[in-house]
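Structure, as structure tokens:
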Amino acid sequence: MKGSRVAKRYARALIELATDSKQLEAWASELAQLAAAASAPELADRLATPDLSEETRVAAMGKMAELLGLSFPLRSFAVVIARHRRIAELTAVSEAYLAMVDEALGRARATLTFARQPSDPEVEGVAQGLGAIEGKKIIPTVKVDETLLGGVVAELEGKIYDGSLATMLLEAQQRLSG
Amino acid sequence: MKRAIAALFLTLFVAAALLSAPAIAAEESPGGGSWLKLLLFAINFAIFVYLVARFGGPMVRKLFSDRSTEIRGTLSRASTAFQEAQDLANRTAARLAGLEAEKAQLLSDLDQETAYQVRTIGAAAHSAAARIRSDAELTAAAIADSAVRRVRNRLAASATRIARELISRDFRDADQKRLLEGFLDKLRQEARP
């Protein structure tokens with residue numbers, strides 16, 4: 001969904017407006033809120049039903065954006081998305097928008113999976129190490145997976161940096177097996 | 001032929017005349033005979049001979065001629081049959097000689113074919129035996145290799161399981177810190193141009 005061409009077109013249009021308004025990050029947050037609300041199961045099914053008229057669907061999206069307290073451009077964007085019957089694409093639009101914002105601001109997002117809960121300096125150290133490789137500021141998402149036994153696994157833009165004890169043991173087993 | 005027949009009749013005539021003379025003389029009283037009677041007998045006998053020769057001669061000649069012709073024909077047929085028999089015997093002998101040669105050739109061919117088949121079968125048996133031996137060696141080597149691999153896999157899995165259990169029991173913060181430092185060193189090495 002992240003790579004959808006339609007979603008990228010909407011995201012590109014929105015980011016041009018946001019750049020002009022200097023609201024790149026603010027709109028990213030608002031867009032994420034809107035996508036999360038529209039993709040909630042109880043709401044997504046009702047918005048997708050063909051029994052719902054276009055006026056009602058557009059009005060519902062407008063009302064939802066208003067209740068979320070979104071800025072005027074994002075409320076308008078929600079209405080446009082509903083009118084174009086692209087509500088199901090909202091999550092992909094949000095992800096594409098975030099990726100474009102990161103690109104524009106020289107940032108990259110990494111998922112760091114630790115064997116046990118890390119301290120802030122540990123997360124910061126790993127993020128800096130990854131940032132030195134990519135030449136970007138790293139925004140980490142931290143996860144904990146005890147099956148790693150020890151160490152950390154980092155995923156950055158499709159690349160895996162594996163420093164876990166489980167993988168070391170697996171490599172040792174493979175070497176022993178010949 | 002005619003001369004022989006005439007000589008025969010003349011001899012018969014003389015013999016009859018000479019042999020009948022003592023008989024006639026015996027019927028006469030001793031010391032007396034009649035040359036007239038002898039002459040009459042001779043004339044009589046000559047007439048008899050003439051009649052016999054006149055009327056029986058052609059039949060006798062024809063009889064002997066037919067018989068001669070028959071004998072000649074028979075002789076000719078016998079000769080022809082003999083010649084044919086001789087030819088047949090020659091052909092048969094030649095055929096027998098040919099059959100003997102053919103038999104010898106067949107025997108020779110059979111011997112050669114048998115020798116060839118024996119060699120071929122021997123070579124095939126040798127090849128099959130070598131292949132079976134090679135297959136058996138390969139199979140044995142594969143089984144041994146597989147067994148070694150299985151044992152090594154099991155040992156490695158057991159060692160890994162034991163190591164995992166030991167780490168789970170006694171893994172400390174200091175260990176995690178060392179791992180993270182090692183990981184950061186690797187990232188730093190990768191970041192170097």
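Numbers restart at 1 for each chain; the letters A, B, ... are given by sequence-line order, proteins then strands.
One distance of note links CD of Q173(A) with CZ of R164(B); it measures 8.5 Å at 0.5 Å rounding. Residue R154(B) holds its CZ atom at 16.0 Å from CG of L176(A), rounded to the nearest 0.5 Å. Here the straight-line distance linking atom CD of E190(B) with atom CD of E134(A) works out to 9.0 Å at 0.5 Å rounding.
Counted within 6.0 Å of CD on E157(A), heavy atoms from surrounding residues, nucleotides or ligands total more than 12; the atom is thus considered enclosed. For CZ of R188(B), the number of neighbouring non-hydrogen atoms (other residues, nucleotides, ligands) closer than 6.0 Å is greater than 12.
Residues of residues 167-186 of chain B lying within less than 4.5 angstrom of chain A, judged on heavy atoms, are I167(B), S168(B), F171(B), R172(B), D173(B), Q176(B), L179(B), L180(B), F183(B), L184(B), K186(B) in numerical order. Scanning residues 72-88 of chain B against chain A with a 4.5 Å non-hydrogen threshold yields no residues.
Contact count against chain B (heavy-atom pairs under 4.5 Å) is highest for G151(A) among G135(A), G151(A), P118(A). Interface summary for chain B: among R116(A), M168(A), E122(A), the most heavy-atom pairs under 4.5 angstrom belong to R116(A).
Here the closest heavy-atom approach between residue L187(B) and residue V126(A) is recorded as CD1-O, 4.1 Å. Nearest heavy atoms, A163(B) versus L169(A): CB-CD2, 3.7 Å.
Heavy-atom distances place no part of R150(B) under 4.5 Å from chain A, backbone and side chain included. For chain B, no part of A172(A) is nearby; none of its heavy atoms comes within less than 4.5 Å. Only the side chain of A159(B) has a heavy atom closer than 4.5 Å to any heavy atom of chain A.
Cluster membership for V6(A) and L31(A), using ILVMFWY side-chain heavy atoms within less than 4.5 angstrom, is shared. Two different hydrophobic clusters hold V144(A) and L112(A) under the rule that ILVMFWY side chains link at heavy-atom gaps under 4.5 Å. There is no path of hydrophobic side-chain contacts, each under 4.5 Å, that joins I133(A) to I160(A). In the hydrophobic clustering of ILVMFWY residues, with side-chain heavy atoms under 4.5 Å counting as a link, L74(A) and L47(A) come out together. A continuous path of ILVMFWY side-chain contacts below 4.5 Å connects W27(A) to L105(A), so both sit in one hydrophobic cluster.
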